[in-house]
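Here the structure comes first, spelled out in structure tokens, and everything after it is commentary.
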Amino acid sequence: MMPPNSQYIQQFLSSVLSQRGPSSLPYSEDVKWLIRQHLLSLIEIHPSLQPKTASFTHNDGRTVNLLQVIGTVPMVYHQVTYNIPVIIWLMESYPRHPPLVFVNPTRDMVIKRAHPFVNPSGVVSIPYLQNWVYPSSNLVELARNLSHFFGRDPPLYAQVRPDSNPNPNPSQTAHPPPSTSFPGIGHVSQVIRPAIPPGGFQQQQQPALRPPYGAAVKTEDREEVFRRNAIDKLLGSFSEDIARLREAREKDVDGLFNAQGVLKQREEVLKLGLKEMQDEKEELEQQLQMVLMNSDVLEGWLRENEGKLKNLGNVDVDTAFEPCDNLSKQMLDCTASDLALEDVIYSLDKAIQSGAIPFDQYLRNIRLLSREQFFHRATASKVRAAQMQAQVANMAARTSPYAL
């Protein structure tokens, strides 16, 4: 069950982890929600631990604002539960790297010398911290391991000095409180016991003492009992309501994170589409520049030759273009003859389809025209090869002898 102030703890964690700018905590954005879940799970199991922010000073003098969990971790020693004060610092690289755990003794406590898991400065080093694995390791398992290893060998002891005022009650002196001495600290003259026993725990373990004969037995007020039961019931109802609200809010947050992932995917798709459109726009602009340049060239040519056209009068189409050499003239003649024969064959196809000419005459004409067309095409192929050789020869003649 979550502690009564769990709502305030959730609001506090959401506030400090959502801050941006210079005052934000130095954790990665992709793990802040996981850090929040780790802390809430830890506090749900150990309400004595409370999260807060504080300044942490590194060994090199750097000071940074970090999250810490401060409070007590229970341990069981000789079937008695004790509370060990600890401070758990979530470093900048958490949760990919383990937190830094300190034992936090009070003024009347001392750290056990030569402890296997706690050094004299209070730094805790247990196997769970040394074998920390992201993302399976978490704070709940860390607290469970701390309780286990502290129960095997308590790290803190309280020095109990003898009371200068003797207790006049013989019933209490006849049953002194249990004390325990541990190896490694036998040089201390006072009686030594593990630190911070929980209030009322030993009284639950020990049988209640009978009052002296004739003493008045004090009974609890019924109104006080009813008031305490009503408060407990209200607190239980509040805790259940808060737990339901927390589950609903967590579902809402999960839905928002899912929506954020979908929006990010759509953002990538839109960016890709925008880039393709920009590339297409640049290509179209280049083509437009080419068309405009060609248009300018054609308009200039028209302006230059417009006057010549008026002076020429009637122009023969066949003499409008003059070939530059004999090969070009022969290629032009062959191409024109080939196209003319193609038109004649097409006309014959239409005539035979409409029944304008007999079939034998159609075959005879097609045979003659096809033979003539073949010769023109063969001649054009030879002329094209000759032009290619002439062009290569001209290029070789223009090449400088020092080009190599």
Side-chain angles (χ1 to χ4, degrees), residues 2-75 82-111 115 117-126 128-130 132 134-135 137-147 149-150 155-156 158 195-196 246:
M2 291 291 291
N5 61 342
S6 62
Q7 183 177 2
Y8 301 102
I9 294 175
Q10 293 179 16
Q11 293 178 356
F12 166 74
L13 293 176
S14 300
S15 175
V16 298
L17 290 173
S18 61
Q19 290 181 356
R20 299 294 184 271
S23 61
S24 63
L25 296 177
Y27 302 108
S28 300
E29 291 294 332
D30 57 337
V31 296
K32 284 187 177 181
W33 175 253
L34 182 60
I35 293 175
R36 180 178 179 274
Q37 293 299 108
H38 281 192
L39 291 173
L40 291 178
S41 300
L42 176 65
I43 296 164
E44 182 177 1
I45 298 178
H46 299 284
S48 60
L49 295 170
Q50 297 296 321
K52 58 184 293 188
T53 57
S55 296
F56 181 84
T57 303
H58 290 274
N59 294 333
D60 56 1
R62 291 184 297 107
T63 302
V64 62
N65 196 29
L66 299 175
L67 277 170
Q68 66 168 204
V69 183
I70 186 169
T72 59
V73 173
M75 74 169 189
Y82 301 93
N83 294 323
I84 302 298
V86 296
I87 298 178
I88 302 175
W89 287 92
L90 306 186
M91 308 307 292
E92 297 96 320
S93 58
Y94 184 86
R96 292 181 172 85
H97 294 87
L100 189 59
V101 183
F102 288 89
V103 170
N104 187 28
T106 58
R107 293 183 179 178
D108 58 345
M109 298 179 189
V110 293
I111 300 176
H115 193 275
F117 304 115
V118 181
N119 65 12
S121 61
V123 179
V124 179
S125 177
I126 60 175
Y128 188 79
L129 290 173
Q130 298 172 359
W132 184 275
Y134 172 80
S137 300
N138 54 71
L139 297 178
V140 175
E141 292 296 328
L142 172 61
R144 185 178 294 111
N145 279 266
L146 290 175
S147 301
F149 286 103
F150 289 168
L156 295 179
I196 314 181
R246 181 173 65 87

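A quick note: this is a predicted structure, and the numbers were derived from the prediction, not measured. Just so you know, residue 1 is the first one in the sequence shown, and it goes up from there. Side chains are part of it too, since the values below use all heavy atoms of this structure and drop only hydrogens, waters and symmetry mates.
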Considering all heavy atoms of both residues, which atom of [X] and which atom of [Y] are nearest to each other, and what is their separation?
X: Ser55; Y: Thr63; result: CB-CG2, 3.8 Å
X: His46; Y: Pro74; result: ND1-CD, 3.8 Å
X: Phe56; Y: Leu100; result: CZ-CD2, 3.7 Å
X: Val73; Y: Ala143; result: CG1-O, 3.9 Å
X: Phe12; Y: Pro51; result: CE2-O, 3.8 Å
X: Tyr128; Y: Asn138; result: OH-N, 3.2 Å

Student check: side-chain heavy atoms of [X] and [Y] closer than 4.5 Å:
X: Arg96; Y: Val31; answer: yes
X: Val101; Y: Ile87; answer: no
X: Tyr8; Y: Gln10; answer: no
X: Leu156; Y: Pro85; answer: yes
X: Ser18; Y: Lys32; answer: no
X: Gln50; Y: Val69; answer: no
X: Ile35; Y: Leu13; answer: no
X: Leu139; Y: Pro99; answer: yes

Phe102 and Ile88: side-chain contact (heavy atoms from CB on, under 4.5 Å), yes or no, with the steps? CA-CA 6 Å; Phe102 288 89; Ile88 302 175; over 6 Å; no
Are a donor atom and an acceptor atom from the side chains of [X] and [Y] found within less than 3.5 Å of each other?
X: Arg36; Y: Ser14; result: yes
X: Tyr94; Y: His38; result: yes
X: Ser125; Y: Gln130; result: yes

Supply the atom-to-atom distance [X] [atom1] to [Y] [atom2], rounded to the nearest 0.5 angstrom.
X: Gln68; Y: Leu90; atom1: CD; atom2: CG; value: 9.0 Å
X: Thr53; Y: Asn65; atom1: OG1; atom2: CG; value: 5.0 Å
X: Phe150; Y: Asn83; atom1: CZ; atom2: CG; value: 12.0 Å
X: Ser121; Y: Ile111; atom1: OG; atom2: CD1; value: 7.0 Å
X: Arg246; Y: Ile9; atom1: CZ; atom2: CD1; value: 11.0 Å
X: Phe149; Y: His115; atom1: CZ; atom2: NE2; value: 10.5 Å

Please say whether more than 12 non-hydrogen atoms of neighbouring residues, nucleotides or ligands are located less than 6.0 Å from CG in Asp60.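 Above 12, so yes.
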Output, in order, the C-alpha distance, side-chain angles, deciding distance and verdict of side-chain contact (heavy atoms from CB on, under 4.5 Å) for Ile70 and Lys52. CA-CA 8 Å; Ile70 186 169; Lys52 58 184 293 188; 3.8 Å; yes
Apply the test side-chain contact (heavy atoms from CB on, under 4.5 Å) to residues Val64 and Glu92: give CA-CA distance (whole Å), side-chain angles for both, the deciding distance (0.1 Å), then the verdict. CA-CA 9 Å; Val64 62; Glu92 297 96 320; 3.5 Å; yes
Whether Ser41 side chain and Gln37 backbone form a donor-acceptor pair below 3.5 Å: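 Answer holds: yes.
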Derivation and outcome, side-chain contact (heavy atoms from CB on, under 4.5 Å), residues Leu49 and Thr72: CA-CA 6 Å; Leu49 295 170; Thr72 59; 5.8 Å; no
Ring pair (Phe, Tyr, Trp, His ring centres under 6.0 Å): which pairs involve residues 14-35, sequence neighbours left out?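 Qualifying pairs: Trp33-Phe257.
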